[in-house]
Amino acid sequence: MPLEFHQVDAFTDQPFAGNPAMVYRLDAWLDEPLMQRIAAEHNLAETAFVVKEGEAWHIRWFTPTSEVPLCGHATLASAKVLFDLYHEAGEVLQFTCLSGALRVTRQGQRLELNFPLRPVVPVAASLQAEVERALDQPAHQVLALLDADGSVQELMVVLASEAQVRGFAPNLPALAELPGLGVLITAPGERHDFVSRYFAPSIGIDEDPVTGSTHCMLAPYWAERLGRSELSAFQCSARGGELLCRLDGARVKIAGHARHIASGRLML
């Protein structure tokens with residue numbers, strides 16, 4: 001049973017930059033263990049699977065080791081594939097997922113994600129100390145995105161400068177021991193409003209090149225701190241990627257380019 005796949009570099013207009021994602025457009029869902037094995041075989045940060053359900057596309061995202069509730073770059077990649085390769089009509093694609101309704105709008109050469117805002121709260125002093133030990137440096141502030149039960153879903157660490165973010169050398173085993181899916185570090189930018197990097201070794205991602213979903217946490221934080229709702233962002237991983245963020249009520253709109261670089265068939 002051959003399955004078509006398409007690889008897209010998201011949040012860049014150049015090949016071999018941004019964040020690569022694999023996309024499968026399916027007529028019906030595969031078994032979850034099979035989708036997980038496919039994601040492990042591709043060994044990218046995310047493999048996305050999309051199936052049309054009514055008027056919307058249901059989308060699921062898998063890292064090499066687990067399914068995640070929200071992913072920006074693989075949603076951008078999926079929209080690129082649906083618009084350009086499967087010729088979806090119109091300028092807007094509706095998605096549904098574990099985190100609710102999503103929307104992607106075509107805006108010239110860019111695609112704009114419409115995602116839910118993800119507010120963060122300061123952590124207890126004991127957890128901040130634990131995070132600082134794992135990072136081996138002091139933090140200006142440590143915040144967390146919490147699940148409904150109050151447990152940590154993501155950690156966000158604010159550092160003083162872009163140089164600290166770029167120069168950070170992660171102790172991956174130490175980061176993997178922290179609560180939550182991953183650790184996001186951020187600081188004011190030199191040429192952008194803010195910069196960031198994201199590490200999730202506990203779910204098979206040592207460092208994610210460009211992470212759309214974390215900007216649902218970053219954008220509201222920096223919008224409040226800088227006093228404006230439109231922000232430019234750069235994720236300064238080795239590949240790097242640029243994002244334009246805009247707050248719109250309880251939503252965050254994240255725009256970026258995407259570059260289709262490969263297609264093929266998986267033979268099962």
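Just so you know, residue 1 is the first one in the sequence shown, and it goes up from there.
Annotation: salt bridge (Lys or Arg N to Asp or Glu O under 4.0 Å) contacts of Glu55 (sequence neighbours excluded): none.
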Start with the C-alpha distance between Ile203 and Val68, add both sets of side-chain angles, then the distance that settles side chain to side chain contact (heavy atoms under 4.5 Å, CB included), and finish with yes or no.
CA-CA 9 Å; Ile203 57 170; Val68 296; 4.0 Å; yes
Full working for side chain to side chain contact (heavy atoms under 4.5 Å, CB included) between Leu143 and Leu155:
CA-CA 6 Å; Leu143 307 108; Leu155 286 166; over 6 Å; no
Kindly indicate, with the supporting measurements, whether the criterion side chain to side chain contact (heavy atoms under 4.5 Å, CB included) is fulfilled by Glu4 and Arg25.
CA-CA 8 Å; Glu4 288 190 354; Arg25 176 194 177 277; over 6 Å; no
Side chain to side chain contact (heavy atoms under 4.5 Å, CB included) between Leu178 and Glu130: does it pass, once the steps are laid out?
CA-CA 8 Å; Leu178 293 172; Glu130 183 183 351; 3.8 Å; yes
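The backbone N or O of Val195 sits less than 3.5 Å from a side-chain atom of Thr186, completing a donor-acceptor pair. In this structure, the side chain of Thr12 does not engage the main chain of Gly241 through any donor-acceptor pair within 3.5 Å. Counting only distance, with no hydrogens or angles, the side chain of Gln164 and the backbone of Ser161 share a donor-acceptor pair below 3.5 Å. In terms of modelled atom types and a separation under 3.5 Å, the side chain of Ser229 and the main chain of Arg246 share no donor-acceptor contact. Checked by atom type and distance alone, the side chain of Asp149 pairs as donor or acceptor with a backbone atom of Ser151 at under 3.5 Å. A donor-acceptor pair is defined here as one N or O able to donate and one able to accept, closer than 3.5 Å; such a pair exists between the side chain of Gln36 and the backbone of Thr63.
The nearest pair of heavy atoms linking Asn171 to Ala134 is CB-O, 4.1 Å. Nearest approach of Ala160 to Ala187, heavy atoms of both residues: C-CB, 4.2 Å. Taking both residues in full, the closest heavy atoms of Tyr198 and Thr214 are given as CD1-CG2, 3.8 Å, listed atom of the first, atom of the second, then distance. Looking at every heavy atom in both residues, Leu159 comes nearest to Ala139 through CD2-CA, 4.3 Å. Shortest non-hydrogen contact noted between Ile205 and Ala45 is CD1-O, 3.7 Å. Smallest separation of non-hydrogen atoms from Arg110 and Ala255: CD-CB, 4.2 Å.
Tested against His6 for a ring-ring contact (aromatic ring centres under 6.0 Å, His included), the candidates Phe83, Tyr24, Tyr86 yield a single pass: Tyr86. With Val152 as the fixed residue, the side-chain contact (heavy atoms from CB on, under 4.5 Å) test singles out one of Leu145, Leu127, Asp147, Val123: Leu127. Remark: of the listed residues Arg239, Arg259, Lys80, Arg239 is the sole one forming a salt bridge (Lys or Arg N to Asp or Glu O under 4.0 Å) with Asp9.
Checked by atom type, the side-chain pair His42/Thr47 shows no donor-acceptor distance below 3.5 Å. A side-chain N or O of Gln235 and one of Thr211 form a donor-acceptor pair less than 3.5 Å apart. Using modelled atom types, one finds no donor on one side chain facing an acceptor on the other under 3.5 Å when comparing His192 with Ser232. With no hydrogens or angles considered, a side-chain donor-acceptor pair links Asn19 and His73 at under 3.5 Å.
In terms of hydrophobic clustering, with Ile, Leu, Val, Met, Phe, Trp and Tyr side chains grouped at heavy-atom distances under 4.5 Å, Phe62 and Val51 are assigned to a common cluster. Cluster annotation: Leu44 and Val8 are assigned to distinct hydrophobic clusters (Ile/Leu/Val/Met/Phe/Trp/Tyr, side-chain heavy-atom contacts under 4.5 Å, transitive).
Ring centroids of Phe11 and His215 are separated by 6.0 Å or more, keeping the two rings apart. In this structure, the ring of Phe194 has its center no less than 6.0 angstrom from the ring center of Phe234.
By the 6.0 Å and 45° rule, Arg60 stacks over the aromatic ring of Trp29. Cation-pi check for Arg103 over Phe95 is not met; the charged atom does not lie both under 6.0 angstrom from the ring centroid and within 45 degrees of its normal. Annotation: cation-pi pair Arg265/Phe5 absent, no NZ/CZ under 6.0 Å from the ring centroid and within 45° of its normal.
Atom-to-atom distance recorded for Met22:CE and Phe49:CZ is 10.0 Å, nearest 0.5 angstrom. Put simply, CG on Leu70 and CD on Glu154 are 9.5 Å apart, with the number rounded to the nearest 0.5 Å. In this structure, CD on Gln128 lies 10.5 Å from CG on Leu135, to the nearest 0.5 angstrom. Between the CE atom of Met35 and the CD atom of Glu67 there is a distance of 6.5 Å, given to the nearest 0.5 Å.
Enclosure of atom CD in Glu177 is not indicated, since only 12 or fewer non-hydrogen atoms of other residues, nucleotides or ligands lie within 6.0 angstrom. With a 6.0 Å radius and a threshold of 12 heavy atoms from other residues, nucleotides or ligands, Asp13 has its CG atom above the threshold.
Checked for salt-bridge contact, Glu162 and Arg191 miss the test: no charged N lies under 4.0 Å from a carboxylate O.
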